[in-house]
Number of protein chains: 2
Amino acid sequence: MIEGVSVLMEQVHPPVTDLRLSKILAALADPGRLATVRTLAQKGESPCTRLQQDAGLQISRSTFSHHQKVLREAGILLVRVRGAERILSLRRDDLDSRFPGLLDLVLNTPEKLI
Amino acid sequence: MIEGVSVLMEQVHPPVTDLRLSKILAALADPGRLATVRTLAQKGESPCTRLQQDAGLQISRSTFSHHQKVLREAGILLVRVRGAERILSLRRDDLDSRFPGLLDLVLNTPEKLI
DNA sequence: CCCGTATGTCGATAACCATCGAACGTCGAA
DNA sequence: TTCGACGTTCGATGGTTATCGACATACGGG
């Protein structure tokens, strides 16, 4: 870095009271992000690179990072740091309490109906 | 029209077996379209102009026509012709049978959480 | 303290989408 | 048959989004 100032790269997670349906629908409307969410639900929690592979997304790391950001800022993903990795997981309880049935519906829909 | 060929303007309605979650989520992700669906559920069936007014959408007729098309092609709306009007209604049964709980969730979500 | 792995950020580009006005088609009524 | 109301289609425009490569940052291990 040129300047001596550190860039923190802090992860922004909206509080549960800030979750909005329109944001969540917009985040889930992308096929790649929908696949990411569904894969994450199967695998439990997972680091970024692993999740991208498991979801079968053939996109660059920077693009996946962008999608992860959209899902996180919509309140769908939780990101925590473990060493050099970012561990992703679903905010199941928050989503269920605010929009009951939404996540279950998305996860239980057969692959063919996606 | 310049040519003598008639333009039919037929309404395309996908059969229930063609409905796809990603299409439906994408259609509902737009705030104006979401408002349209929620208003239509309250009012029952309604012609275009009336629905646009009831939903409070301050957009041109051509733009509303575009949104109506997106909702129709996603399988959310049914359009039937009555004289010079197009009467819009929700495909409740089709949506419920294919994606149980989705429409209810969208309709029951409080305005403040949209 | 250098290195490899993991990931975020930036700037650019292309694709997509919402929006509009203008022109057109269709219908019912005058 | 002329008119007005209703709605669609078209072409253009602007804004948003998906995508990438290059670079920067962070961590743990040698």
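From a predicted model like this one, the values you see are computed outputs, not experimental measurements. By convention in this document, chain letters (A, B, ...) are assigned in the order of the sequence lines, proteins followed by strands, and residues within each chain are numbered from 1.
When distances run from any side-chain atom of B/Arg86 to the nucleotides C/dT19, C/dC27, D/dT8, the shortest one goes to D/dT8. The B/Glu85 side chain lies nearest to D/dG7 when the options are C/dC20, D/dT19, D/dG7. Comparing D/dT8, D/dT19, C/dA6 by their closest approach to the side chain of A/His67 singles out D/dT19. When distances run from any side-chain atom of B/Gln11 to the nucleotides D/dT19, D/dC23, D/dT8, the shortest one goes to D/dT8.
Between A/Gln68 and C/dT7 there is no side-chain polar atom (N or O) within less than 4.0 angstrom of OP1 or OP2. The side chain of B/Ser65 places no N or O atom within less than 4.0 Å of a non-bridging phosphate oxygen (OP1 or OP2) of D/dG7.
The separation between B/Arg61 atom CZ and D/dG4 atom C1' is 12 Å, rounded to whole Å. Summarising the geometry, the separation between CG on A/Leu71 and P on C/dG8 is reported as 12 Å, rounded to the nearest angstrom. Here D/dC10 presents its P atom at 8 Å from NZ of B/Lys69, a figure rounded to the nearest Å. Summarising the geometry, the separation between CZ on B/Phe64 and C1' on D/dC6 is reported as 12 Å, rounded to the nearest angstrom. Atoms CZ (A/Arg82) and C1' (D/dA26) sit 16 Å apart, rounded to a whole Å. Rounded to an integer number of Å, the gap from CD1 of B/Ile59 to C1' of D/dT13 is 17 Å. Atom CD in A/Gln58 sits about 12 Å away from atom P in D/dT19, given to the nearest Å. Taking atom CZ on A/Arg80 and atom P on C/dG8, their separation rounds to 14 Å, with Å as the unit.
Using a distance-only test at 3.5 Å, with no hydrogens or angles considered, a donor-acceptor pair links the side chain of A/Ser97 to the main chain of A/Asp94. Distance alone, capped at 3.5 Å, is enough to place a donor-acceptor pair between the B/Arg33 side chain and the B/Ala27 backbone. Proximity of a side-chain donor or acceptor of A/Gln52 to a complementary backbone N or O of A/Ile59 within less than 3.5 Å is detected.
Between B/Ser60 and B/Thr63, the side chains place a donor N or O and an acceptor N or O closer than 3.5 Å (distance only, hydrogens not considered). Checking A/Thr39 against A/Thr36 by side-chain atom types alone, no donor-acceptor pair falls below 3.5 Å.
Rounding to the nearest 0.5 Å places CG of B/Leu113 at 10.0 Å from OG1 of A/Thr17.
Applying the 6.0 Å contact sphere to CZ of B/Arg20 captures more than 12 heavy atoms from other residues, nucleotides or ligands.
Of the residues near DNA chain C, B/Ser62 and B/Val70, the one whose nearest nucleotide (by heavy atom distance) lies more toward the 5' end is B/Val70.
At a non-hydrogen distance threshold of 4.0 Å, A/Pro47, A/Cys48, A/Thr49 from residues 19-51 of chain A come into contact with DNA chain C.
Residue contacts for A/His66: at a heavy-atom cut-off of 4.0 Å it reaches a base atom on one of the strands shown.
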